[in-house]
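All chains are named by letter (A, B, ...) in the order of the sequence lines, taking the proteins before the strands, and each is independently numbered beginning at 1.
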There are 2 protein chains.
Amino acid sequence: MDVSIGGAARASGVKVPTIRYYEQIGLLPVPQRTQANRRLYAPQELRRLRFIRHARELGFEVEAIRTLLALQDRPDHSCEEADRLAREHLEQVERRIASLSALRRELMHMVEGCSHGRVAQCRVIETLDDHSLCAHHGESE
Amino acid sequence: MDVSIGGAARASGVKVPTIRYYEQIGLLPVPQRTQANRRLYAPQELRRLRFIRHARELGFEVEAIRTLLALQDRPDHSCEEADRLAREHLEQVERRIASLSALRRELMHMVEGCSHGRVAQCRVIETLDDHSLCAHHGESE
DNA sequence: CTTGCTCCTCTAGTCACTAGAGGATGTATC
DNA sequence: GATACATCCTCTAGTGACTAGAGGAGCAAG
């Protein structure tokens with residue numbers, strides 16, 4: 001039923017040292033140990049790990065995840081906080097998408113413009129050199 | 001004509017300690033100094049700084065910028081390398097946009113689904129808990 | 001019994017900055 | 001000329017979220 005840290009890594013997609021790191025910073029509870037001092041993870045911890053991994057993939061910071069996990073542990077509590085975190089995060093994500101889309105246009109411009117000739121004519125360099133050619137003026141991240 | 005490090009910071013949008021850091025890692029050449037040992041930047045260095053800033057904003061890593069700067073210094077050389085860097089970066093950016101768009105859908109789903117009730121029914125938590133609800137399977141960054 | 005894998009702890013490194021200490025210099029005002 | 005304050009200098013250490021490596025112990029298969 002319970003698995004080793006390697007098994008947990010395979011089951012969750014989180015690397016072994018990262019699992020230990022999460023334990024160290026208190027994102028994961030201190031796990032059971034075998035007699036030989038090896039970590040043992042129960043299904044519940046694996047779920048927690050997957051939760052963390054998913055949230056990290058979605059770009060939530062560790063501190064936000066800490067809050068989400070604390071919320072998760074109190075299912076009767078109002079989800080106001082989780083909602084707020086998700087909303088804030090959504091805004092951030094939308095800003096990032098806008099910024100990356102501008103960048104994408106610019107990069108496409110660059111590689112289209114590159115005539116595979118000499119550097120002097122290459123838009124990749126030119127575009128980076130002259131911000132005024134850039135698609136996202138006055139934008140900040 | 002030449003400006004102090006503070007002036008360079010204002011002109012380029014790169015912070016003073018960051019300029020010194022760039023010098024330290026060899027991204028900027030060692031600048032001239034006044035008699036009182038203060039750095040002096042000529043227009044050329046300011047251009048270089050803006051180039052770096054722009055490239056960093058666009059998400060290029062310092063090592064990539066180092067390469068781009070080296071290329072820029074040899075305008076007669078083929079721009080193959082710059083082209084390759086830009087293409088690679090474009091791919092990365094497109095993956096990131098796709099990933100963030102999926103995330104955006106998911107987060108919108110989350111906050112829409114949130115009935116402002118108990119955590120137990122909150123999609124924000126639920127969605128993070130169950131990767132199968134997630135919009136971007138099998139995607140990797 | 002040996003080989004090879006996984007596990008343990010611990011420290012240090014990564015990237016791209018950022019912050020702070022402690023001191024020198026430059027500029028503006030009284 | 002004195003004083004105040006901004007700006008500059010160097011240097012060290014801290015950040016977030018890991019990642020790598022040293023040095024050693026345990027375990028299962030052949």
Look at all strands and tell whether A:Arg39 reaches a base, only sugar-phosphate, or nothing, counting heavy atoms closer than 4.0 Å.
sugar-phosphate
Distance col, row B:Glu63:CD vs B:Leu27:CG, nearest 0.5 angstrom, shows 8.5 Å
Residue pair B:Arg48 / B:Tyr22, side-chain heavy-atom distance below 4.5 Å:
no
Just how far, in rounded Å, is C1' of D:dA17 from CG of A:Leu28?
14 Å
Whole Å only: how far is the CZ atom of B:Phe60 from the P atom of C:dC17?
15 Å
Could you state the atom-to-atom distance from CZ of A:Arg33 to C1' of C:dT9 in whole Å?
9 Å
Report yes if a donor N or O on one partner sits less than 3.5 Å from an acceptor N or O on the other, where the partners are the side chain of A:Arg38 and the base of C:dT6; otherwise report no.
yes
Any A:Thr18 side-chain nitrogen or oxygen under 4.0 Å from OP1 or OP2 of D:dA17:
no
Using side chain to side chain contact (heavy atoms under 4.5 Å, CB included), reason through A:Arg20 and A:Val16 one step at a time and then give a plain yes or no.
CA-CA 7 Å; A:Arg20 285 196 280 250; A:Val16 169; 3.5 Å; yes
From CG of B:Leu49 across to C1' of C:dA16 the rounded distance in Å is 15 Å
Integer-rounded Å distance: D:dC27 P and A:Leu40 CG:
12 Å
B:Val3 vs B:Leu46, test: side chain to side chain contact (heavy atoms under 4.5 Å, CB included). Steps then yes/no.
CA-CA 9 Å; B:Val3 297; B:Leu46 297 185; 4.1 Å; yes
Distance in angstrom units between A:Ile5 CD1 and D:dC27 C1', rounded
17 Å
For B:Arg56 and for A:Ser4, find the nucleotide of DNA chain C with the closest heavy atom, then tell me which residue's nucleotide is more 5'.
A:Ser4
Write down the distance between CD1 (B:Ile25) and C1' (C:dG13), rounded to a whole number of angstrom.
16 Å
Go nucleotide by nucleotide along DNA chain C from the 5' end; which of B:Thr34 and B:Glu61 gets its closest nucleotide reached first?
B:Glu61
Would you please confirm or rule out a distance under 4.0 Å between OP1 or OP2 of C:dC17 and any side-chain N or O of B:Tyr22?
yes
So, is A:Arg20 close to the C:dT9 phosphate, meaning a side-chain N or O under 4.0 Å from OP1 or OP2?
no
According to a strict under-4.0 Å criterion, is B:Arg53 in side-chain N/O contact with OP1 or OP2 of C:dC17?
no
C:dC17 phosphate, OP1 or OP2: any side-chain N/O from B:Lys15 under 4.0 angstrom?
no
Go through C:dT18, D:dC27, C:dG26 for me and flag the one nearest to the A:Ala36 side chain.
D:dC27
With the side chain defined as heavy atoms from C-beta on, A:Pro17 is closest, among C:dC7, D:dT19, C:dA16, to D:dT19
Any chance you could measure A:Glu23, atom CD, to A:Leu49, atom CG, to the nearest 0.5 Å?
10.5 Å
Rounded to whole Å, please give me the gap between CD in A:Gln35 and P in D:dA25.
19 Å
